Amino acid sequence: MKSEKFAVSGMTCGHCVSVVKNALEKTKGIDVVKIVLNDENPDEIYGEVFVKYDENEIDIKDIKNIISDEGYLPENFVTEKKVDIHISGMSCAACTLNVEKILTVIDGVNNASVNLPLGKATVFYNSKKVEPNVMKKAIDNAGYEAIVEDFEKNEKNEKNGKESENNLKGNDGTSLATLEVNGMTCAACAINVEKVLKSIDGVKDATVNLPMKEATVYYDLRKTNPKLLKEAIDDIGYEAFVVEESERENEETRRRDASKRNDEIQKRNFILSLILGIPVILGSMKHMSDSFWFVPEILASKYMLFILTSLIILFPGRRYFTGAVKSLKTGLFDMDLLIATGTGCAYLVSVISTFIDLGPGYESLYYETVAMIIIFVSLGKYLEAKSMSKTTESIEKLFDMKVLTSRLVTENENEIEIPTDSVKIGDVLAVRPGEKIPVDGKIIYGNTTVDESMLTGESMPVEKGVGDTAIGSTVNLTGYIRFEAEKVGKDTTLSQIIQLVSDAQTKKPKIQRIADKVAGNFIVGVFIVAIVAFLFWYFIGFEYFNVNSQESFEGITPFLFSLLVSITVLIISCPCAVGLATPAAIMVGTGMGAERGILFKGGESLERTNEIDAVIFDKTGTLTEGKPVVTDIYTNKISENDALLIAAAIEEKSEHPISKAIMKKTKELSKTNEKKLSVQNFNSHAGKGVSGDVEIDFVGFNYGLKKVYIGSERFLSEYNIILSD
């Protein structure tokens with residue numbers, strides 16, 4: 001018997017422990033299973049798994065796969081690390097399976113999961129055996145393009161809290177930004193980028209390195225920021241990325257830009273295939289039916305059809321042939337190989353028939369077949385690209401909740417605006433009423449009320465004072481505060497929520513792993529069926545079913561008919577929808593849940609929601625709409641309508657959520673001809689209520705100027721106003 005101990009991430013409770021333990025204990029070859037939940041650090045809870053197993057019946061990789069099948073991630077202690085690799089060039093589920101195969105055969109890679117819509121591979125690896133650059137090289141060699149996120153370096157810098165060049169607090173405000181610039185092809189391009197950067201107000205110096213595709217900019221924090229520098233470069237036709245951004249935002253920027261580029265490419269391919277393909281289809285149909293008398297003779301010429309179809313192959317159809325070459329080089333098949341094989345055979349037969357006379361049966365041309373296939377596949381690719389873009393909109397909305405700029409309080413008590421990316425732990429930040437709190441921290445000055453509904457769902461604002469925690473992206477409602485930053489970058493509450501949702505979209509539940517496996521292996525099956533179909537119709541079916549006697553196939557040879565049958569099999573058999581539907585559904589489900597405050601730990605949790613027959617809520621805040629409403633009105637001596645008018649006169653001057661609720665109720669119930677009551681000496685009492693002098697002047701009754709207090713029972717008691725039962 002062999003023993004092994006490792007950690008399992010994703011386990012957070014006793015239920016997780018029982019799920020993993022039950023799955024392992026019922027597996028043949030495993031003798032002892034012991035699992036302890038390590039919850040010493042609330043931010044990093046994981047399961048410690050100890051197993052004894054018979055290595056003749058099962059190995060450690062199989063044990064880890066069993067745990068992965070339950071939706072958790074096994075990791076070796078100390079040596080195992082995690083890296084996200086962003087991959088472009090994947091077009092179907094077979095591509096994801098190919099990349100997973102490429103990664104898992106590398107010695108030292110323990111687990112790899114590839115998400116097609118996100119274009120990302122999450123890899124757990126033994127750092128003593130392999131490095132991420134080796135994985136990148138393997139993916140690049142297979143014909144894809146990989147970018148490795150350097151998380152460990154970023155984390156180390158954040159933990160050390162080193163003073164970076166782009167946050168020079170207490171000096172003249174000069175900051176440094178490095179931008180990656182794509183699209184530069186010559187020295188003139190570099191000069192153009194330098195010129196536009198130096199023309200921006202606040203830029204002190206800028207240098208562009210053409211071979212490195214980098215721009216280094218020294219700028220005044222008080223006048224400009226990296227976002228404006230990027231926009232200026234983009235406006236003159238290049239493409240810039242801010243290198244100093246946090247790794248999560250770098251990932252999102254690249255993903256959004258890649259998604260937009262993919263949408264544009266697929267749209268252009270479809271339009272081009274349509275423009276070139278329709279004349280080919282019409283020209284081919286003129287030979288088949290008198291109904292197409294209106295088609296010019298030049299389009300019906302086989303040489304014109306050859307030219308137009310060749311253009312289709314060379315431009316919108318080229319990507320499928322380059323993809324097929326990539327597949328053949330790596331020995332890993334994907335959908336491109338299916339399309340290239342089918343259209344290539346039809347095109348080759350047509351070209352031979354155009355220029356060489358092979359006798360009866362070979363006069364037919366199939367250019368329209370090539371054109372129609374490329375048109376329909378290009379349309380499918382375009383719709384698929386749009387669908388993949390929409391599946392990530394919900395997580396983009398979470399990114400949009402981030403605060404882009406912060407108000408830094410300098411040592412001489414001045415306030416300057418800086419990018420939130422530049423905020424460091426220990427910085428003092430100022431937030432005015434109505435602004436969002438940029439990062440997590442502790443209040444050191446001021447009192448206010450904060451709307452935390454985006455995080456908790458609680459409709460009532462929370463009173464905050466010195467010593468209380470301020471949470472990033474929540475809204476400061478009433479008071480001016482200063483707070484000390486405690487969590488920045490990826491450590492903020494919102495960033496952790498985004499990370500959780502992103503991880504949930506990356507993790508594959510059982511149904512997705514099955515779909516990917518089916519879609520990937522399906523292509524090999526399609527080729528086998530195509531070959532069998534060719535052999536059957538060539539040796540048996542053509543004579544047995546007397547194909548040549550049918551008018552539509554008169555004169556066709558067994559070889560040509562069998563070839564057309566096998567081409568048809570290749571073309572109609574596309575497993576892409578199978579592989580895309582499941583991850584897209586998971587992304588939409590987890591993303592829409594996050595928008596509504598429902599967080600899924602992974603796809604397997606979403607998959608099991610159909611088993612739920614009861615839901616337990618721990619507080620009323622989760623059941624609200626996130627904003628208060630007036631439900632009941634109790635009055636003494638005056639009418640409800642009059643009470644609302646008096647209250648609304650004062651509350652109109654406040655931005656408090658309760659004020660907005662009273663104003664909304666007033667508009668619903670007040671008479672349309674009621675005039676507004678005038679207010680003097682309005683005063684807001686932080687955390688308590690509001691007061692003011694109201695000129696109470698109803699129709700026919702004028703009570704003069706009266707002092708009005710609106711607030712909590714504690715607030716009213718300070719002015720000797722006692723409420724009865």
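In what follows, residues are counted from 1 in the order of the sequence shown. What you see is a predicted model, and the numbers here were worked out from it, not measured in a lab.
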Nearest atoms (heavy-atom pairs only) where Ala232 meets Val196: O-CG2, 4.0 Å
Main-chain N/O of Ala240 paired to Asp234 side chain as donor or acceptor, under 3.5 Å: yes
Side-chain donor/acceptor of Asn133 to backbone N/O of Lys136, under 3.5 Å: no
side-chain contact (heavy atoms from CB on, under 4.5 Å) partners for Lys129, two or more places apart: Asp107, Asn126
Side chain to side chain, Lys402 and Pro438, heavy atoms closer than 4.5 Å: no
Pairs satisfying salt bridge (Lys or Arg N to Asp or Glu O under 4.0 Å), at least one member in residues 438-449, at least two apart: none
Distance in Å, Thr492 OG1 paired with Ile471 CD1, rounded so as to fall on 0.5 Å steps: 10.5 Å
Thr448 (side chain) donor-acceptor with Gly479 (main chain) under 3.5 angstrom: yes
Lys688 with Glu463: basic N within carboxylate O range, under 4.0 Å: no
Thr420 side chain near Val439 side chain, heavy-atom distance below 4.5 Å: yes
Note, Asn182 side chain near Tyr238 side chain (heavy atom, < 4.5 Å): no
Test side chain to side chain donor-acceptor pair (under 3.5 Å) applied to Thr609 - qualifying residues, sequence neighbours left out: none
Residues which pass side-chain contact (heavy atoms from CB on, under 4.5 Å) with Ala430, listed by chain and number, not counting sequence neighbours: Arg407, Val409, Glu415, Tyr480, Arg482
Any side-chain heavy-atom pair of Val690 and Glu651 under 4.5 Å: yes
Test side-chain contact (heavy atoms from CB on, under 4.5 Å) applied to Lys664 - qualifying residues, sequence neighbours left out: Glu668
Heavy-atom check, side chain of Ile106 versus side chain of Met135, under 4.5 Å: yes
Pairwise distance CD1(Ile233) to CG(Leu197) - rounded to 0.5 angstrom: 4.5 Å
Any Val428 side-chain heavy atom under 4.5 Å of Leu408 side chain: no
Over 12 foreign heavy atoms within 6.0 Å of NZ, Lys223: no
Over-ring placement of Lys204 relative to Tyr219, 6.0 Å and 45° cut-offs: no
Close side-chain approach of Tyr125 and Asn110, heavy atoms under 4.5 Å: no
Non-neighbouring partners of Lys227 that pass side-chain contact (heavy atoms from CB on, under 4.5 Å), sequence neighbours left out: Asn225, Glu231, Leu404
Close side-chain approach of Phe682 to Ser654, heavy-atom, < 4.5 Å: yes
